[in-house]
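The chains referred to below are lettered A, B, ... by the order of the sequence lines, with proteins before strands, and numbering in each begins at 1.
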2 protein chains.
Amino acid sequence: MQSFTEENYLKAIYTLSTAENQSVSTNAIAEKLTTKASSVTDMLKKLADKKLIHYEKYQGAELTRKGKKIAINIIRKHRLWEVFLVNHLNFKWDEVHDVAEELEHINSEKLIDSLDRFLNFPQFDPHGDPIPDKEGKVYHHKEISVKDLRVGESGIIVGVKEHHPDFLRYLENAELLLGTNIKVLKIFEWDNSIKIKCDKKQELTISEKVAGNLYIKKMLKK
Amino acid sequence: MQSFTEENYLKAIYTLSTAENQSVSTNAIAEKLTTKASSVTDMLKKLADKKLIHYEKYQGAELTRKGKKIAINIIRKHRLWEVFLVNHLNFKWDEVHDVAEELEHINSEKLIDSLDRFLNFPQFDPHGDPIPDKEGKVYHHKEISVKDLRVGESGIIVGVKEHHPDFLRYLENAELLLGTNIKVLKIFEWDNSIKIKCDKKQELTISEKVAGNLYIKKMLKK
DNA sequence: AAAACAATTTAGATAAGCCTAAAAATATAT
DNA sequence: ATATATTTTTAGGCTTATCTAAATTGTTTT
């Protein structure tokens, strides 16, 4: 069994290692966990001793199979708790992160399996991120954003890249929530802002930054 | 804010201090937390510095108002989580303790208030222990046990003194659950075992030890 | 009231996780 | 290829919470 801190390191390494077989740098981990590089080095040695990461001095870290399994399980727990908080305890999607960050470290397989069943085996959390199943299988989004659409194309919002509360509250205010159907009407070359139509209702213009952080599922034209 | 460890010390002191204004000994705390007396002394100094307990060398510890408030809140959280686990996640009453012991340290007022509402403001946990309200008010059981009944008297089981899983499973097996109506038929002087009738159904004999650990609400005779 | 026993505290260590400052290795630029 | 800059590691400390062993205080017994 590992400590909260170790679990947080494993999770950080997992989320930072986008590509397979690519090691994560000491500094990147330090920044992610807002700690110092020297502290990270200490922990990397410890995790390597426990066979949770592959680590060579100056070469960064990569999760072993065992380490990856633990990291994915933490993420599974985090996202299941988020679903519980939003669907049953009336939390808003911009309020769940910190509490879920604590709850994800509770250790009980029975608890998580029961929670999963109670929630009806959800596949996505409130931000559209996939929830790994009990075996650790993760369905990865294709990660197409509104930015990737051309004029006339449409899609359904399925997730957000950025999780910052301010961004989430902006979306809430603009009624750009998961499930919303949008169509690109116009792209302004000047700043790459995009005029869209939502669910046959209102039209609005979103910035390039917003567009890049809104994942969508492309709709085929009829 | 205090650490998990500090919270556990406060909780231990609270549960050990039965009488008001009576201090708890270092050894008692050490035994409760399965740690050494010297470790307890260290922590008592720390808690005293933080004004969470009154502590004089060699005189034991007593919670301050502030310390008591924290302890009661931990107990509130523990018991609310137990209700959630039993009522919604299919845990048995003998399975909840360890998980609740972890969950009780999650820090979020919104979480606990929402959970309380979700559970419909329960007043007792699955073992019949009272759940303190948001302001810290605790309804104390009168703590009459089956042992205090005389032949012919009856009552409803409202709680258990002993929480050991083995005892809880014994009760489950004997169908002596909370809410069960029992009537004392006979007391065997030999070993003080008691023959009882449950809910107009089966008769059974329980040991003195069992009787002493079963809290009841006495029924007035009609 | 002194001796014996029990409870508590102090002293000195240890492990985890963090820090700063300095040294070493790696990467980049000229 | 050498100098410079960046990244990473090492060395040495700090804090929290624990421990063992020894010293001290409190309580009981005779």
Side-chain angles (χ1 to χ4, degrees), chain A residues 1-14 16-19 21-63 67 70-71 74 101-102 104-107, chain B residues 1-14 16-19 22-63 67 70-71 74 101-102 104-105 107:
Chain A
M1 202 81 295
Q2 51 301 313
S3 67
F4 284 21
T5 311
E6 286 172 348
E7 291 185 345
N8 284 333
Y9 272 88
L10 293 175
K11 193 174 60 147
I13 295 167
Y14 180 80
L16 288 170
S17 66
T18 46
N21 301 322
Q22 205 190 296
S23 71
V24 177
S25 80
T26 303
N27 265 358
I29 299 169
E31 195 185 0
K32 182 97 184 171
L33 298 175
T34 51
T35 184
K36 301 292 169 178
S38 55
S39 307
V40 174
T41 301
D42 285 349
M43 183 57 88
L44 293 185
K45 284 179 190 167
K46 194 177 154 190
L47 293 174
D49 284 349
K50 293 193 175 187
K51 310 275 186 209
L52 297 173
I53 61 170
H54 298 297
Y55 169 61
E56 294 289 336
K57 265 189 195 177
Y58 297 100
Q59 302 310 128
E62 196 196 333
L63 294 176
I70 294 169
I74 306 282
E101 204 82 344
E102 291 193 46
E104 72 188 7
H105 299 292
I106 304 290
N107 268 314
Chain B
M1 202 81 296
Q2 49 301 314
S3 67
F4 283 22
T5 312
E6 285 172 350
E7 291 185 345
N8 284 334
Y9 272 88
L10 294 174
K11 191 175 61 150
I13 295 167
Y14 179 81
L16 288 170
S17 68
T18 46
Q22 204 190 297
S23 70
V24 177
S25 79
T26 303
N27 266 358
I29 299 168
E31 195 184 2
K32 183 97 182 172
L33 298 175
T34 51
T35 184
K36 301 292 168 179
S38 54
S39 308
V40 174
T41 301
D42 285 349
M43 183 56 88
L44 294 185
K45 285 179 190 165
K46 195 176 155 192
L47 294 173
D49 285 349
K50 294 192 175 187
K51 311 273 187 210
L52 298 173
I53 61 170
H54 298 296
Y55 169 61
E56 293 289 335
K57 265 191 195 178
Y58 297 100
Q59 302 310 128
E62 196 195 333
L63 294 176
I70 294 169
I74 306 281
E101 204 82 346
E102 292 192 47
E104 73 189 9
H105 298 292
N107 269 314

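- Remark: the T41(A) side chain and the dT10(D) base include no donor-acceptor N/O pair separated by less than 3.5 Å.
- The two residues V24(A) and I13(A) come nearest to each other via the heavy atoms CG2-O, 3.7 Å.
- Dashed line: the shortest gap from a side-chain N or O of N27(A) to OP1 or OP2 of dT8(D) is under 4.0 Å.
- The nucleotide whose nearest atom lies closest to any side-chain atom of S38(A) is, among dT8(C), dG26(D), dT10(D), dT10(D).
- Contact annotation: S3(A) side-chain N/O to dA16(C) OP1/OP2 distance is not under 4.0 Å.
- Residue T26(A) places at least one side-chain N or O under 4.0 Å from the OP1 or OP2 atom of dT9(D).
- Across dT9(D), dT10(C), dC18(C), the shortest atom-to-atom separation from the side chain of Y9(A) is found for dC18(C).
- In this structure, K57(B) reaches the dT10(C) phosphate: one of its side-chain N or O atoms is under 4.0 Å from OP1 or OP2.
- Rounded to the nearest 0.5 angstrom, K11(A) NZ and H105(A) NE2 are separated by 5.5 Å.
- For Y55(A), a side-chain nitrogen or oxygen approaches OP1 or OP2 of dT9(D) to under 4.0 Å.
- Y55(A) contributes atom OH, which lies 14.5 Å from atom CG of L63(A) (distance to the nearest 0.5 angstrom).
- At a cut-off of 3.5 angstrom, counting only N and O atoms as typed in the model, there is no donor on one side facing an acceptor on the other between the side-chain of T5(B) and the base of dT16(D).
- Using the six-membered ring where Trp is involved, F4(A) and F4(B) have ring planes that are perpendicular, over 60° apart on the 30 and 60° scheme.
- At dT9(C), none of the side-chain N or O atoms of K36(B) fall inside 4.0 Å of OP1 or OP2 (strictly under the cut-off).
- Nucleotide dT18(D) holds its P atom 12 Å from the CD1 atom of I29(B), rounded to whole Å.
- Here the side chain of Y58(A) is nearest to one of dT9(D), dC18(C), dT9(C), namely dT9(D).
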